Structure formats: C-alpha cells, structure tokens
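Fair warning: this is a prediction, and the values are worked out from it, not measured in the lab. So you know, we letter chains A, B, ... as the sequences are listed, proteins then strands, and number each from 1.
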There are 2 protein chains.
Amino acid sequence: MKPHQPVHRVAIVGTGTIGASWATHYLARGFDVTATDPAPTAEAALRSYVEAAWDAAAAIGLAPEASPDRLSFTAELGQAVADADFVQENAPERPGLKVRLFADIDDATPPDAIIASSSSGITMSVIQAECRRPERTVIGHPFNPPHVIPLVEVVGGTRTAPETLRDAMSFYAAIGKKPIHLKKELPGHVANRIQAALYREVMYLVQEGVLDVADSDDAVSWGPGLRWGVMGPHLLWHLGGGAGGIQHFMDTLMPRMVESWQELGTPEFTPELKEKIVTGVLEEADGHSVDELATRRDAMLSALLAVRAQHDPSGPLSAAAGHPANEGP
Amino acid sequence: MKPHQPVHRVAIVGTGTIGASWATHYLARGFDVTATDPAPTAEAALRSYVEAAWDAAAAIGLAPEASPDRLSFTAELGQAVADADFVQENAPERPGLKVRLFADIDDATPPDAIIASSSSGITMSVIQAECRRPERTVIGHPFNPPHVIPLVEVVGGTRTAPETLRDAMSFYAAIGKKPIHLKKELPGHVANRIQAALYREVMYLVQEGVLDVADSDDAVSWGPGLRWGVMGPHLLWHLGGGAGGIQHFMDTLMPRMVESWQELGTPEFTPELKEKIVTGVLEEADGHSVDELATRRDAMLSALLAVRAQHDPSGPLSAAAGHPANEGP
C-alpha cells in the first residue's frame with residue numbers, strides 16, 4: 001500500500017446508535033458523509049439523530065463548513081461506498097453477517113480506501129476472512145457516544161497491513177479523536193474490559209448490601225471517577241506517590257493493593273440483583289427521561305472536554321486546534 | 001446522644017498529606033481549625049501545604065470569612081481537641097497506634113463532639129475498642145485530595161451510635177462533601193476497592209503487552225473515565241440502554257458483560273512489570289514535576305466540579321450553594 005491519500009468522503013455502513021453518532025462526528029469535522037442501512041426507517045432515524053446531536057457536537061467544536069446538510073443516504077451499499085476514502089462500519093454484532101458484509105464492502109470500495117469496523121465483540125482476523133484486500137481493514141472501535149467521547153481503539157487482524165494501522169491512527173488523531181493502538185486482539189478490546197472490571201466490583205458491593213445503587217454511583221462519580229475524568233490511573237498514582245512519585249507508590253503502596261485483589265468479589269447475576277439495580281436506577285433518575293439525562297451527560301462531557309483542552313496540551317482537541325490541517329478534509 | 005450541635009471548631013489530628021488537605025478544606029469552609037501532630041516540622045509543613053493548596057480550594061469556592069489565618073497549631077493533642085466540635089483524625093495506619101490515639105482523643109474531647117477517622121485500612125470496630133464513648137466515633141474516609149474531591153465514605157463500628165452516623169453524614173453534606181453511608185465494614189471501604197478492581201485489569205493489559213502505559217492511561221481518561229467524571233456506572237448503563245433504559249440494558253447487554261468477567265485477568269506484580277510502569281509513567285510525565293502535574297490535576301478537577309455544579313442539582317456543591325446555612329459555621 002502507498003501512503004494514504006487525504007480523506008474527503010466518509011461512508012457510514014449501518015446507522016444504528018453507533019453509526020448515527022459516528023456520522024454526526026464526521027459531519028462535525030467537515031466531511032461529506034454517505035450513509036447506508038437496509039432498514040426502511042433508517043434514513044429518517046439517522047437524520048433525526050444528527051439533528052438532535054448537533055448541539056453537543058457544536059459545543060465541542062465544528063470544522064469550517066461542517067454541516068448536517070452534507071449527509072447523504074442510500075439504501076444501496078455499493079453506491080454508499082463507491083467513492084469513499086474511509087469506511088466506518090457499524091452493523092449488528094453477528095460474525096457471519098460481518099464477514100459477508102466486509103467482503104461486499106471490500107469489493108465495492110476504491111482499493112486505496114481504509115475500511116474500519118466499530119465491532120467490539122468480533123476480531124478483525126475473523127471479520128476480514130473473506131476480503132480480497134484484507135490488508136486495508138482494521139478495527140476502529142469507538143466509545144459511546146462517538147461524537148462526544150474521543151477514545152478509539154485501533155487494532156488489526158492477522159492480515160491487516162502495518163500501514164493501515166498507521167494511517168488509521170493518523171486519521172483518527174487528525175479529526176479530534178484519541179486513538180490508541182492495541183498490540184493484540186482481545187475480546188472486548190480494552191475499554192470494555194476495564195469497564196467490566198470496575199462494574200463487577202460495584203455490582204458485588206450492591207449485592208453484598210454495602211451500598212445502595214445511588215450511593216455506588218456517587219462512590220465512583222464523586223471519587224475515583226472524577227479523577228479518571230481528568231487523568232489516567234498510572235499518572236494519578238504518580239501524583240499519589242508525592243515527592244517520590246510513581247517509584248515510591250510502586251515500592252510502598254502497590255504491594256498492599258496487590259494483596260487487596262484477593263478480597264475483591266464477583267456478584268452472582270440473579271433476578272433479585274437485576275431488579276435491585278433497575279429499581280435503584282429508576283429512583284436515581286428521579287423522573288427524568290433517558291433523553292434528558294443523556295443531554296445532561298453530553299453537556300457535561302463537552303464542558304469537561306473544553307477543560308481538558310485548556311489544560312492538557314497532549315489532548316486530542318488541543319492537538320486538533322493547533323493544526324488547521326486537522327480541522328477537516 | 002442528643003441531636004448534634006452546630007460545628008464551629010474543627011480539630012485535625014495528624015497533619016500529613018491527608019490531614020493537611022482536610023485542614024485546607026475546613027478552613028475554606030470557614031471553620032476555626034486547630035491542628036496537632038508530634039513531628040517537629042509538622043507546623044511549617046502544614047502551613048506551607050495550606051498556602052499552596054489555597055488557590056485550588058478558592059477555585060471551588062470559599063465560605064464567607066474563610067481564611068488560612070484561622071488555622072492554629074499545637075503539639076499537644078489534649079489542647080488541640082479540648083474545645084473541638086468535630087475531630088478529623090489522620091494518623092499513620094497502625095492499629096495499635098490508632099486504638100491508643102482514639103482512647104486519648106476520646107478522653108480529651110468534649111463529650112458531644114464527633115470523632116471521625118480518615119483511616120482506610122483499619123475498621124472503626126477496631127479503632128474504637130478502648131474508647132469510653134465509642135458511640136461518637138466514626139470513619140469519615142476522604143478521597144485524595146480531600147480539599148478537592150467531594151467523596152467521603154462514612155461507616156460506623158459495632159459500637160457507633162446511629163445518631164453519630166446521621167450527624168456525620170449531615171455535617172459532611174453541609175460543607176460541600178458527598179458522603180455515602182457504607183452499611184458494612186469492609187477492608188479498604190469501597191472506593192479503594194473499585195480503584196483496585198479497575199487497576200488490576202489495566203495492569204494486566206500492560207503486562208500482556210496489549211497496551212503501553214500511556215495508552216492505558218488514555219484508554220481510561222479519554223474513554224470510560226471521562227464518562228465516570230460526570231456520572232456513575234449504573235446511570236450510564238441506563239443511558240446506554242437507549243429508550244429501554246436500564247431494564248433493556250440488564251436484559252440484553254448485561255449477560256454478555258457477566259460472561260466477560262471470566263476473561264478478565266490478574267497480573268503478577270513482578271519487578272519487570274513495576275519497572276515497565278515506572279519507566280512508562282516518567283515518559284508520560286514528559287519532564288513535568290509531580291507538583292506541576294498535581295496543580296494541573298487540581299485545576300482540571302475544580303473546573304470539572306464547576307461543570308457538575310452547573311448541571312447536576314443533586315451534587316454537593318449545588319446543594320451547598322443553595323443553602324447559605326451550609327456555607328460554614
């Protein structure tokens with residue numbers, strides 16, 4: 001493969017929640033976006049999603065000439081990807097479907113285009129199995145909602161070319177995402193595993209009756225979660241080590257944490273526990289709808305991203321802001 | 001015990017990092033604070049800490065007449081607590097020392113005062129063993145740094161009175177903290193366990209070579225951590241469930257997460273892994289000192305708290321702002 005050409009046209013394959021949020025992000029970064037989905041109501045749902053999400057995307061920042069009007073839709077897959085420079089696929093998580101779909105996308109997309117999958121549960125080694133040009137296929141797994149959260153997990157399959165990984169990383173970084181390169185394929189990639197690890201202990205504490213549901217949400221979001229909103233765990237240990245930093249932390253405090261792993265629990269996912277959580281969350285929501293709460297979440301997230309951009313020069317939005325070339329195609 | 005009287009004077013016993021940060025918080029909330037510590041350099045270190053931390057405390061908000069000048073220091077424990085309405089103890093985590101110290105504080109403190117311990121590793125049932133009035137002793141475990149992070153874990157020992165739990169919860173809530181009541185004593189309380197659960201998986205991914213250190217920090221702080229900075233995990237699942245909310249999430253997505261727990265790992269804390277993390281963190285720090293990074297962390301945290309206060313009416317700072325009576329003594 002030659003070095004990747006500039007991306008002008010993005011194709012979105014599959015326009016459920018993830019695909020619609022990706023479409024919003026690419027439109028906000030100033031791309032022409034063509035979307036496709038076989039569902040009869042897909043186009044209306046997609047346009048409605050983009051309209052509702054545009055304010056949150058705008059709060060994070062729009063590229064010059066970004067517009068929801070630059071979205072087109074077709075029910076024909078081949079037509080959607082025919083002149084794409086970058087394809088972002090978001091179909092249902094069924095292995096047979098994904099393998100067939102990737103073979104079709106591969107056949108219909110210009111040979112130099114990158115084809116990325118948002119799949120979390122199926123590895124690219126599986127998905128690319130029937131592609132004629134598997135070297136340009138890659139996982140680009142976003143974190144929900146992709147038009148707000150910067151993280152993208154990039155990982156190749158056994159037949160993905162190193163240049164594809166490099167170009168996908170560069171492309172995502174240039175459009176305000178924070179791509180990380182996973183050196184191995186793992187089920188769930190990494191962010192979902194990290195979430196699952198945290199939630200296992202939270203659920204255990206609820207099942208043990210130590211905390212009710214709202215208190216366990218507060219335990220995260222007004223404590224360690226607040227800190228993870230601004231820095232990662234290793235760097236926080238560095239600060240927790242005081243003047244001696246990470247070396248002191250690892251020497252004196254880490255051994256105790258390693259011991260504590262033995263005391264962590266695994267809940268049994270019983271109907272009673274499920275009911276307790278459902279009831280607790282509905283009480284916590286306090287009559288506010290899912291839409292209202294999601295709007296509140298995204299308003300807080302975009303404000304937090306602005307705080308991060310102001311203070312962290314290595315952040316994705318600071319980087320994009322410093323390079324006009326990164327503002328879009 | 002009778003209903004608790006208003007708190008005017010706070011005593012801080014033990015002025016290491018946690019005690020000094022608590023002192024800063026109580027001063028910022030407008031209290032008279034008397035601190036004590038046996039170390040010869042303690043007073044100078046404490047005053048220096050408060051001075052350095054005052055800007056961060058002020059960014060979050062000062063009570064009327066709050067001033068670092070309202071801090072006094074004495075090396076005599078009995079003198080420090082003699083007229084305290086509330087004692088916050090932060091001595092080293094050695095059981096014998098804490099038991100002896102609590103008996104001494106109990107003897108010297110007015111009978112109606114609450115005596116709270118910041119201990120994370122020793123339960124109140126142990127600490128209160130030799131107190132004559134154990135009913136007014138309680139754990140009030142903060143999250144570092146306490147003058148910034150709202151979470152306080154409140155849990156009693158077997159001889160703690162329910163009124164003490166109630167009054168400690170009310171007091172912390174009134175001064176801009178987010179107290180949560182733990183219904184059972186557990187080693188590490190809950191927030192440290194939640195951190196340990198997350199870090200176990202992060203460290204495992206580094207040991208397995210899936211991620212380097214900086215990437216694993218990014219995986220948290222630009223992904224799930226960013227979301228936990230604004231909401232707790234249960235409520236985020238509610239939004240992740242779309243229109244069906246938490247019920248839909250628990251019915252359709254949770255079973256897969258429960259299965260994934262089997263795939264999570266536990267690293268072996270080897271010298272090689274320790275070295276890899278120390279080296280990786282120092283690279284990530286990129287020449288910035290621990291102090292510089294801590295200042296950056298606290299600036300971002302205080303800005304994030306302002307964002308939360310603006311959007312979340314149930315948050316600790318929103319609540320305090322709405323009630324002038326909560327602004328201090």
Side-chain angles (χ1 to χ4, degrees), chain A residues 143 150-151 178 180 182-184 188 190-191 193-202 205 209-210 213 215 217-226 228-235 238-239 245-247 250 257-258 260-261 263-264 269 274 278 281 290 293-294 296-297 300 303-304 307 311, chain B residues 143 150-151 178 180 182-184 187-188 190-191 193-202 205 209-210 213 215 217-226 228-235 238-239 245-247 250 257-258 260-261 264 269 274 278 281 290 293-294 296-297 300 303-304 307 311:
Chain A
F143 212 72
L151 184 67
K178 188 75 178 184
I180 59 171
L182 280 51
K183 279 92 181 169
K184 295 182 184 175
V190 300
R193 294 171 69 100
I194 291 169
Q195 286 202 115
L198 175 134
Y199 198 63
R200 175 166 63 174
E201 184 63 19
V202 168
L205 293 166
V210 179
V213 170
D215 279 347
D217 267 350
D218 288 340
V220 175
S221 81
W222 294 105
L226 203 70
W228 293 322
V230 306
M231 278 185 185
H234 301 291
L235 202 55
H238 186 42
L239 311 190
I246 187 69
Q247 183 75 54
M250 285 287 148
M257 187 183 299
V258 171
S260 81
W261 290 341
E263 293 151 14
L264 301 180
F269 186 50
K274 182 159 125 177
V278 169
V281 168
V290 167
L293 292 168
R296 182 191 294 177
R297 176 197 62 193
M300 291 192 284
L304 172 53
V307 169
H311 290 89
Chain B
F143 211 72
L151 184 68
K178 188 75 179 184
I180 59 171
L182 280 50
K183 280 93 181 169
K184 294 182 184 176
V190 301
R193 295 171 68 99
I194 291 169
Q195 285 203 114
L198 175 133
Y199 198 63
R200 175 166 61 174
E201 184 63 18
V202 168
L205 293 167
V210 179
V213 170
D215 279 347
D217 267 349
D218 288 340
V220 175
S221 80
W222 295 105
L226 202 71
W228 294 322
V230 307
M231 278 185 183
H234 301 292
L235 202 54
H238 187 42
L239 310 189
I246 187 69
Q247 183 75 53
M250 286 287 149
M257 188 182 299
V258 170
S260 80
W261 290 341
L264 301 180
F269 185 50
K274 183 160 126 178
V278 169
V281 168
V290 167
L293 292 168
R296 183 191 294 177
R297 176 196 63 194
M300 291 194 283
L304 172 52
V307 169
H311 290 89

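The shortest distance between side-chain heavy atoms of B/Met250 and A/Val281 does not fall below 4.5 Å. You'll find the side chain of B/Lys178 stays beyond 4.5 Å of the side chain of A/Leu226, heavy atoms only.
Of the listed residues (B/His234, B/Lys274, B/Met300), the greatest number of heavy-atom pairs within a distance under 4.5 Å of chain A belongs to B/His234. If you tally non-hydrogen atom pairs under 4.5 Å between each of B/Asp218, B/Val210, B/Val220 and chain A, the highest count goes to B/Val210. In terms of heavy-atom pairs under 4.5 angstrom with chain B, the leader among A/Ser260, A/Gly232, A/Ala191 is A/Gly232. The most heavy-atom pairs under 4.5 Å with chain B, out of A/Gly209, A/Ala303, A/Ala196, come from A/Ala196.
Residues A/Met231 and B/Ser221 come closest through the heavy atom pair C-CB, 3.5 Å. Minimum heavy-atom separation, A/Ala219 to B/Val190: CB-CG2, 4.1 Å. Here the shortest heavy-atom pairing between A/Pro224 and B/Leu151 reads CD-CD2, 4.3 Å. Here the closest non-hydrogen pair linking B/Pro233 and A/Tyr199 is CB-CD1, 3.9 Å.
Between the side chain of B/Asp217 and the backbone N or O of A/Leu235, at least one donor-acceptor pair lies under 3.5 Å. Within the 3.5 Å criterion, the main-chain N or O of A/Glu263 finds a donor-acceptor partner in the side chain of B/Arg193.
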Check: What's the verdict on side-chain contact (heavy atoms from CB on, under 4.5 Å) for A/Leu198 and B/Trp228, showing C-alpha distance, side-chain angles and the deciding distance?
Finding: CA-CA 11 Å; A/Leu198 175 134; B/Trp228 294 322; 3.8 Å; yes
Next item on the list: Show the numbers, then the answer: is there a side-chain contact (heavy atoms from CB on, under 4.5 Å) between A/Arg297 and B/His311?
Entry: CA-CA 9 Å; A/Arg297 176 197 62 193; B/His311 290 89; over 6 Å; no
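Interface remark: A/Val258 contributes side-chain atoms only to the contact with chain B (heavy atom separation under 4.5 Å). With a 4.5 angstrom heavy-atom cutoff, B/Leu239 touches chain A via backbone and side-chain atoms both. For a residue to count as touching a neighbouring chain, one of its non-hydrogen atoms must lie under 4.5 Å from one of that chain's; by this rule A/Leu205 touches chain B with the side chain only.
Here CZ of B/Arg200 is found 8.0 Å from CD of A/Glu201. Values are rounded to the nearest 0.5 Å.
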